[in-house]
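Here the structure comes first, spelled out in structure tokens, and everything after it is commentary.
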Amino acid sequence: MSFKIASSPHNRVNRSTANLMLLVAIAALPGILVQAVLFGYGVLIQLLLAIVTAWAAEALTMQLRKKPVLPPLKDHSALLTGLLLAIAIPPYAPWWLIVIGTFFAVVIVKQLYGGLGNNLFNPAMAAYVMLLIAFPLQMTQWLPPASLQSDSLNLSDAVCAVFSQFSCSGFSISQLQTGIDGISMATPLDTLRTDLTAGKTLTESLQQPVFYGIAGAGWLWVNLAYLAGGLVLLKLNVIGWRIPLAVLGSLFIFSTLSWLAAADSNPSPLFQLFSGATMLAAFFIATDPVSASTTNKGRLLYGALIGFMIFIIRKYGGYPDGVAFAVLLANMAVPLIDYYTRPRTYGHKAKGTGK
Amino acid sequence: MPSLFQQIQAGKLWDFHGGVHPPTRKAQTAQKPIGVMPLPDRLFIPLRQHIGVAGNILVASGQRVLKGQPLTSADNSMAVPVHAPTSGTIIDIGDHISPHPSALPDITITLEPDGLDEWRPQYPLNLTTSDNLSILERIQESGIAGMGGAGFPAHLKAGLTQPVDYLIINAVECEPYISSDDALMQDGAITIVKGIDILCKLLNPKAVLIGIEDDKPVASAALKAACSQREHYFVRDVPTKYPSGGEKQLIQLLTSKEVPAGRRPIDIGIVMLNVGTAYAIAQAVLDDHPLLSRVVTVTGETLSQPQNVRALIGTPVSDLLTFCGYQHQSDGKIIMGGPMMGFTLPNLDVPIIKTTNCILAPSQYELPAAGPELDCIRCSACADVCPASLLPQQLLWYSKAKDPAKLDEYNLFDCIECGACAYVCPSEIPLVQYYRVAKADIREQQREAVKAEQAKARFEARNARLEREKQERMARNKQLAQAREQAQQTDSNSNAVAEALARIKAKQAAQTTAPADREQILAEREAKKQQARAYQAEKATSKAPPESGPASANLSSPADPVKESPASAKSAAVAAAIARAKAKKAAQAQADMQEKAVDAEQTKQPEAIEPATPQAATDPRKAAIAAAIARAKAKKQADSEKS
Ligand code: SF4
Ligand code: SF4
């Protein structure tokens with residue numbers, strides 16, 4: 001009789017890293033669908049491109065590193081990275097943008113740092129920032145919500161747009177960006193910032209159709225969908241409550257303070273919470289375990305830092321949304337945060353000192 | 001604000017950080033009666049079944065022993081004896097596979113039962129008339145070591161003299177599958193409480209807290225009923241969570257206190273014993289029934305009759321499994337202990353010992369083998385469940401990096417190896433295994449460091465001694481050199497004297513020779529003259545006196561230097577002898593030193609001695625050469641003198 005030798009513990013919860021990643025991806029689906037419905041099918045095409053590129057890039061690096069190709073593909077981390085980047089960039093951005101971005105995310109940001117678990121930065125956000133700096137024009141060409149588009153795009157139009165930057169009927173992206181009323185529109189956040197910089201008051205700016213609704217046309221629904229997905233993840237214990245709560249909490253507090261101080265030049269807290277990529281950031285991006293803080297207190301701090309940075313960048317920065325920068329900055333602070341928020345070990349007195 | 005003691009009395013419970021809820025799977029065995037096995041063919045009784053040292057063997061191979069007869073003695077406080085679990089014959093004393101994760105062979109007494117189960121005479125103690133010392137002695141002699149798993153000698157805990165606030169009886173049994181304590185409590189609650197009474201007599205605590213997980217309602221009720229007459233005994237149902245049965249965790253649960261790092265529970269006024277130990281103490285003291293058997297949970301899906309069994313110490317696992325209807329599965333594993341902290345057995349000859357609470361024979365579906373280890377994704381699930389509030393992912397990182405300083409900073413040695421972190425890790429990283437290896441490495445390094453420290457101290461002491469010896473040697477060499485110089489001076493002095501003497505002698509001799517010749521000539525001439533005179537006297541009636549006397553008298557004068565010459569040779573010989581003696585002494589001294597150096601070499605590191613050895617070897621050689629030269633000179637001198 002032969003017996004297996006193994007080290008304890010001999011039982012384990014059957015929740016694998018791959019499962020966790022997949023659950024996060026699935027929870028993002030409602031948001032993606034709302035995005036597709038409200039902003040056109042471009043996002044789905046981007047998604048497809050991103051995932052294929054991510055897999056190819058992962059396989060390629062594993063091949064070059066002379067390691068088995070399949071295990072990293074099976075952990076679904078590349079899939080998630082591609083997915084997050086695809087939903088963050090404008091839906092009708094040219095195809096090569098997402099390909100370059102995803103490749104950068106997987107190969108440079110993740111694999112060059114040693115693969116899953118060793119990357120300092122959130123791959124999707126690092127790639128986003130890289131694209132934003134390298135291709136600022138393409139990265140800001142958001143179309144208005146489908147309801148405000150002068151010509152709505154069908155699926156084949158979307159494909160044409162992504163691959164040729166013209167719809168099948170020959171409209172260019174910049175033409176498509178122009179709304180029914182003939183005014184070129186970007187995202188509500190972008191428009192608002194441009195207007196406020198141009199000296200308009202908030203009330204004047206909010207007259208524009210892109211601000212239809214609480215957080216700008218369409219964006220409220222997108223954010224609500226991501227919020228729902230995020231709550232499911234919380235419920236399933238895939239993510240912890242600390243980071244999302246801290247992100248939203250600090251964004252809410254700072255925007256409330258500024259709003260109370262000067263209501264006419266600061267958007268309302270609700271607008272802040274439900275516009276742009278706020279919910280996506282709070283539940284799907286900031287919670288990426290690899291690049292987030294690992295201690296309980298540290299996670300609160302990390303989340304709060306992200307919320308604060310989003311607020312600051314939205315208010316003073318030169319970019320439409322501050323999520324990516326905020327996350328990267330917080331990523332950089334993680335080693336420090338982790339070091340100073342170590343929990344007190346049982347039976348030890350002072351904190352942080354390890355003694 | 002009520003005091004802590006009031007809160008504890010009022011039944012307040014606290015919580016500890018983290019913990020997990022693995023499926024408990026105790027129902028298969030908990031409610032069944034405790035099974036009684038037929039006598040095994042062989043019992044394998046390891047001498048050491050506890051933390052401490054083995055006792056001395058009292059029996060010999062071939063000897064018949066009675067049930068309860070001690071096989072080893074308890075001759076020091078860390079020793080706990082083992083007993084014959086039944087009557088029979090000792091058939092072997094030697095190595096046998098040990099019930100330890102290493103499975104290394106350990107010295108074991110093999111007993112062949114004779115089926116009579118014949119007791120030695122028993123002498124129960126009368127509690128009211130016995131003093132604490134004799135009770136403690138009885139506990140030790142009965143071979144009782146902590147039955148919860150650690151195997152700490154019970155008499156050491158029961159004999160603590162520091163003041164005790166709380167005596168905590170650990171009846172938590174938080175490991176999944178295991179229900180041996182549960183079964184024991186359902187059966188023997190009254191005996192357990194008697195055991196606690198004895199412990200109270202010894203330790204005199206303010207209160208007794210009995211912690212039991214709330215998934216054992218029957219056992220808890222039995223204990224509560226048994227304790228009902230004792231008002232400072234409190235049975236506390238703690239929430240089911242792993243590892244609430246850990247010593248530190250249970251203390252925190254019941255008293256909110258934490259055992260400071262590196263200290264023992266007694267330092268905060270707490271003593272904790274397992275229920276099984278309390279039961280064994282009652283049996284030992286009140287019935288003189290030493291620890292001969294224990295309840296073992298034998299469970300898992302490969303068994304047709306999983307159950308709790310009262311097994312004799314030394315029963316091979318194979319007998320237990322057969323008794324419970326084991327069906328072997330290829331690639332299956334047999335675990336001694338629970339699924340969280342137990343270890344797998346390489347074969348079934350391993351015996352049950354005092355600390356064995358479970359034999360688990362799971363099917364592959366029940367406890368599947370771990371999947372491939374993936375990279376840590378820093379999800380911190382491990383940190384969330386760690387009862388010691390450690391950061392397992394950081395410990396993993398530094399364990400892999402082999403960074404003992406960081407491991408210490410992150411308190412690796414506070415890890416109780418409960419396995420909660422590895423249980424939840426989504427990347428299926430065998431975290432505990434990494435920690436065990438890291439701990440073993442660090443212990444090894446520490447041992448090495450201690451050894452190196454000792455070696456260093458020895459080396460330094462040796463260096464100091466060598467230096468001292470060198471100084472002494474140099475001083476002596478100086479003396480010797482002076483002595484030699486003096487000796488040489490003496491030699492050359494005597495040479496000069498001798499040469500001078502020789503010169504004088506030669507001169508005298510020459511002088512002596514010269515006059516002699518002249519005298520001879522003169523004498524011849526005289527003789528011729530005398531002959532002539534005689535002829536003339538003959539001629540003129542001869543009257544010639546002999547004239548050779550003065551010549552012979554003159555001839556005797558060169559004898560003076562010859563008379564002096566032996567004296568000079570003597571002094572040269574003496575000087576040579578002295579020089580020889582000194583040289584010999586010097587050589588001897590050098591040889592002694594060399595010997596010492598060789599001695600030193602034997603006790604010291606070889607590389608350190610190397611520079612000293614040739615030096616030590618050179619000196620005597622030099623001395624010998626010097627001595628030889630001195631001898632040669634002296635001899636030459638003496639010879640030249642003699643000639
Ligand atoms: S095994 Fe050690 S590190 Fe892991 S949970 Fe238990 S105490 Fe914490
Ligand atoms: S649970 Fe595993 S994967 Fe998660 S942080 Fe801990 S070691 Fe890493």
Side-chain angles (χ1 to χ4, degrees), chain A residues 1-21 23 68 70-72 74-75 77 110 114-119 237-240 242 287-296 298-299 334 338-339 341-349 351-355, chain B residues 16-17 20 22-23 176 248 252 258-261 263 328 330-335 337 339-348 362 367 369-372 374-380 383-384 387-391 393-394 408-411 414 419 422-428 430 432-433 436:
Chain A
M1 278 191 273
S2 74
F3 299 98
K4 260 194 135 142
I5 302 299
S7 71
S8 68
H10 305 284
N11 53 347
R12 292 160 183 278
V13 286
N14 44 16
R15 167 173 282 173
S16 64
T17 296
N19 279 346
L20 292 176
M21 300 275 174
L23 278 172
L70 267 189
K74 278 201 230 151
D75 68 27
S77 62
K110 190 173 82 174
L116 178 64
N118 298 310
N119 46 301
N237 238 331
V238 174
I239 58 173
R242 288 185 177 82
T287 52
D288 162 42
V290 177
S291 54
S293 168
T294 55
T295 63
N296 282 344
R299 284 167 177 158
V334 160
D338 276 2
Y339 189 81
T341 55
R342 279 177 292 165
R344 183 186 65 87
T345 305
Y346 177 104
H348 288 254
K349 276 201 207 89
K351 294 171 195 181
T353 62
K355 289 285 157 207
Chain B
F16 63 91
H17 179 264
V20 290
K248 294 174 168 181
Q252 198 172 12
E258 284 182 21
V259 184
R263 310 287 292 279
H328 180 66
S330 62
D331 247 15
K333 42 185 176 186
I334 306 292
I335 299 165
M340 297 297 286
M341 290 179 81
F343 53 91
T344 48
L345 300 178
N347 70 49
L348 302 183
L367 296 178
L374 299 180
D375 288 312
C376 166
I377 55 164
R378 295 172 29 102
C379 66
S380 287
D384 293 341
S389 296
L390 296 169
L391 291 173
Q393 78 276 35
Q394 306 287 4
D408 185 50
E409 189 180 335
Y410 282 88
N411 301 323
D414 285 279
Y423 174 74
V424 295
C425 176
S427 290
E428 307 218 23
V432 189
Q433 192 53 27
R436 284 194 194 111

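Chain letters run A, B, ... following the sequence lines, proteins first and then strands; every chain starts at 1. Note that the structure is predicted; figures quoted are calculated from it, not measured.
Per-residue heavy-atom pair counts under 4.5 Å with chain B were compared for N19(A), V13(A), L116(A), and the maximum is reached by V13(A). For the set C379(B), P176(B), P362(B), the count of heavy-atom pairs under 4.5 angstrom toward chain A peaks at C379(B). Of all the listed residues (V20(B), L390(B), L345(B), I335(B)), the one sharing the greatest number of non-hydrogen pairs under 4.5 Å with chain A is I335(B). Contact count against chain A (heavy-atom pairs under 4.5 Å) is highest for E258(B) among E258(B), Q394(B), Q252(B). Counting heavy-atom pairs closer than 4.5 Å to chain A, the top-ranked of the candidates Q433(B), M340(B), H17(B) is M340(B). With chain A as partner, the option from D375(B), D414(B), D384(B), I334(B) having the largest number of non-hydrogen pairs under 4.5 angstrom is D414(B). Heavy-atom pairs under 4.5 Å with chain A peak, among P260(B), P23(B), S380(B), at S380(B).
Two residues are said to be in side-chain contact when any heavy atoms from C-beta on lie closer than 4.5 Å; I377(B) and S427(B) meet this criterion. Using a 4.5 Å cut-off on side-chain heavy atoms (C-beta onward), R378(B) and V334(A) make contact. Using a 4.5 Å cut-off on side-chain heavy atoms (C-beta onward), Y410(B) and L391(B) make contact.
Partners of E428(B) by salt bridge (Lys or Arg N to Asp or Glu O under 4.0 Å), not counting sequence neighbours: none found. In this structure T341(A) satisfies the side chain to side chain donor-acceptor pair (under 3.5 Å) test together with T295(A), sequence neighbours excluded.
Screening D75(A), V238(A), L20(A) against P426(B) for a side-chain contact (heavy atoms from CB on, under 4.5 Å) leaves a single residue, L20(A).
A donor-acceptor pair shorter than 3.5 Å can be found between the side chains of T294(A) and D338(A).
Taking each heavy atom of G342(B) and S8(A) in turn, the nearest pair found is O-CB, 3.2 Å.
Of the two parts of N118(A), only the side chain, counted from C-beta on, holds a non-hydrogen atom closer than 4.5 Å to a non-hydrogen atom of chain B. In this structure, the portion of V432(B) lying under 4.5 Å from any heavy atom of chain A is its side chain and not its backbone. Heavy atoms closer than 4.5 Å to chain A are found in the side chain of R436(B), but not in its backbone. Proximity to chain B is limited to the side chain of N296(A), based on heavy atoms less than 4.5 angstrom apart.
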